[in-house]
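Below: the structure, in structure tokens.
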Amino acid sequence: MTAVPAENPASASAAPGPDVLRRTEGRAGFLTLDRPRAINALTHRMVLALDAALTDWVDDPAVTTVVLRGAGERGLCAGGDIRAIHDDARAGGTASAAFWRDEYRLNARIARYPKPYVAFMDGIVMGGGVGVSAHGSVRVVTERSRIAMPETGIGFVPDVGGTWLLGRAPGELGTHLALTGTQIGAADALLTGLADHHVPAAALDALAADLTRLPADEALARHATEAAPGVLAEQREWIDACYSAPTVEEIVDRLLDSGVPAAKETADTLLTKSPTALKATLAVLRAARGLGSLEAVLDLEYRASCAALTSHDLVEGIRAQVIDKDRNPRWDPPTLAGVTDDSVARHLAPPPGGDLGLGPA
């Protein structure tokens with residue numbers, strides 16, 4: 001954890017947590033994800049620790065701003081602990097579904113938190129890391145930010161409210177990011193609505209110190225700068241044209257036929273992802289656009305997550321990417337043409353254990 005100078009050291013307090021460091025300094029409450037060797041990947045205990053802190057601070061007049069950081073130099077959070085999910089899925093367990101229930105409730109709570117929730121989205125921010133940061137009221141990116149929802153590469157569907165966020169991005173940029181899992185930097189995070197402010201990484205400690213004594217908007221005004229140019233704005237024309245197609249197959253065809261080298265490369269990328277996850281992701285993303293709240297979308301994503309938990313592709317995708325690291329997943333079915341409508345519909349149906357129930361009935 002990076003030390004934040006206290007304006008009044010005698011007023012500081014600290015309490016240990018399960019891989020979450022928690023303390024107050026001045027007017028701010030600081031939460032630091034503390035699994036740096038795992039790029040602060042979230043466990044169930046960490047989710048519960050974050051929720052407990054937000055519960056304690058919501059009515060605490062001494063805490064006027066909450067700040068989320070990640071320990072180490074590699075990033076805020078690389079996502080959920082997918083090794084644990086892999087083992088649970090192989091065993092036919094229920095631990096992952098229980099984890100998602102609490103994680104998605106935390107995501108909704110962050111989005112509705114009544115105090116400024118400032119997330120330092122420095123370095124790698126993926127999957128569950130997006131969930132604990134991009135729903136906050138103040139999202140700060142740096143020149144080191146690498147943000148992604150890479151779930152289709154492991155046979156999964158973007159969750160933690162990712163389809164809500166990406167479904168609200170301009171044009172079809174969110175569809176592109178959801179299907180490909182492409183990593184984006186600061187400027188593109190600002191363009192797509194995943195972030196609000198750019199602050200140089202070297203200024204984060206100074207910003208954290210200012211948040212202990214100033215309102216969030218005043219502290220940010222001292223440190224926010226222009227981000228270096230991104231790439232999505234220049235690619236918007238072919239992305240919108242290709243990803244507006246009604247099916248994944250037609251999206252791929254449009255990308256291949258566009259005559260744009262970057263689009264052709266994107267088609268090749270898509271064809272390495274889980275065919276089932278691609279089709280399920282497109283269905284969930286487009287359904288999410290028609291829902292009126294993050295809570296309703298989290299309910300939908302919970303259905304998709306539970307369906308993926310019992311699928312071949314999730315176990316196989318994690319095996320290939322994380323366990324054996326051969327980067328050669330054997331998807332089943334192996335092609336888009338082999339994915340049935342019933343297989344996609346399964347991701348939209350209530351799971352055997354019941355719905356999450358965050359949104360309206």
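All figures in this text were calculated on a predicted structure; none of them were measured in a lab. Sequence positions, counted from 1, serve as the residue numbers for this chain.
- Take Y302 and apply the ring pair (Phe, Tyr, Trp, His ring centres under 6.0 Å) test, not counting sequence neighbours, and it matches no residue.
- Residues in residues 224-245 take part in these salt bridge (charged side-chain N to carboxylate O under 4.0 Å, His left out) pairs, two or more places apart or across chains: R236-D240.
- Every pair passing side chain to side chain donor-acceptor pair (under 3.5 Å) that includes a residue from residues 159-169 is listed here, sequence neighbours excluded: Y104-D159, T163-E301.
- Among residues at least two apart or in separate chains, salt bridge (charged side-chain N to carboxylate O under 4.0 Å, His left out) pairs with a member in residues 125-140 are R139-D196.
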Carefully, step by step, assess T182 and T180 under the rule side chain to side chain donor-acceptor pair (under 3.5 Å). CA-CA 5 Å; T182 298; T180 63; 2.6 Å; yes
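- Pairs passing the salt bridge (charged side-chain N to carboxylate O under 4.0 Å, His left out) check and including a residue from residues 99-109, sequence neighbours excluded, read D51-R109.
- Between the side chain of D313 and the main chain of S274, no donor-acceptor pair closer than 3.5 Å is present.
- E143 places no side-chain N or O within donor-acceptor distance of the main-chain N or O of A186, the cut-off being under 3.5 Å.
- Clustering of Ile, Leu, Val, Met, Phe, Trp and Tyr side chains at separations under 4.5 Å places I39 together with I124, M126.
- Contact between A89 and V315 at its shortest, heavy atoms only, is CB-CG2, 3.6 Å.
- Looking at residues two or more places apart in sequence or on another chain, you find no side-chain hydrogen bond (donor to acceptor under 3.5 Å, both in side chains) involving D332.
- Residues satisfying the side-chain contact (heavy atoms from CB on, under 4.5 Å) criterion with K279, sequence neighbours excluded, are V248, E249, L336, V339, V344.
- Remark: R303 engages D355 in a side-chain hydrogen bond (donor to acceptor under 3.5 Å, both in side chains) (not counting sequence neighbours).
- Using a 4.5 Å cut-off between side-chain heavy atoms of Ile, Leu, Val, Met, Phe, Trp and Tyr, W331 forms no hydrophobic cluster with any other residue.
- Considering only residues two or more places apart in sequence or on other chains, S96 meets the side-chain hydrogen bond (donor to acceptor under 3.5 Å, both in side chains) condition with D88.
- Sorted by first and then second residue, the side chain to side chain donor-acceptor pair (under 3.5 Å) pairs with a member in residues 115-135 read D122-T142, D122-R144; sequence neighbours excluded.
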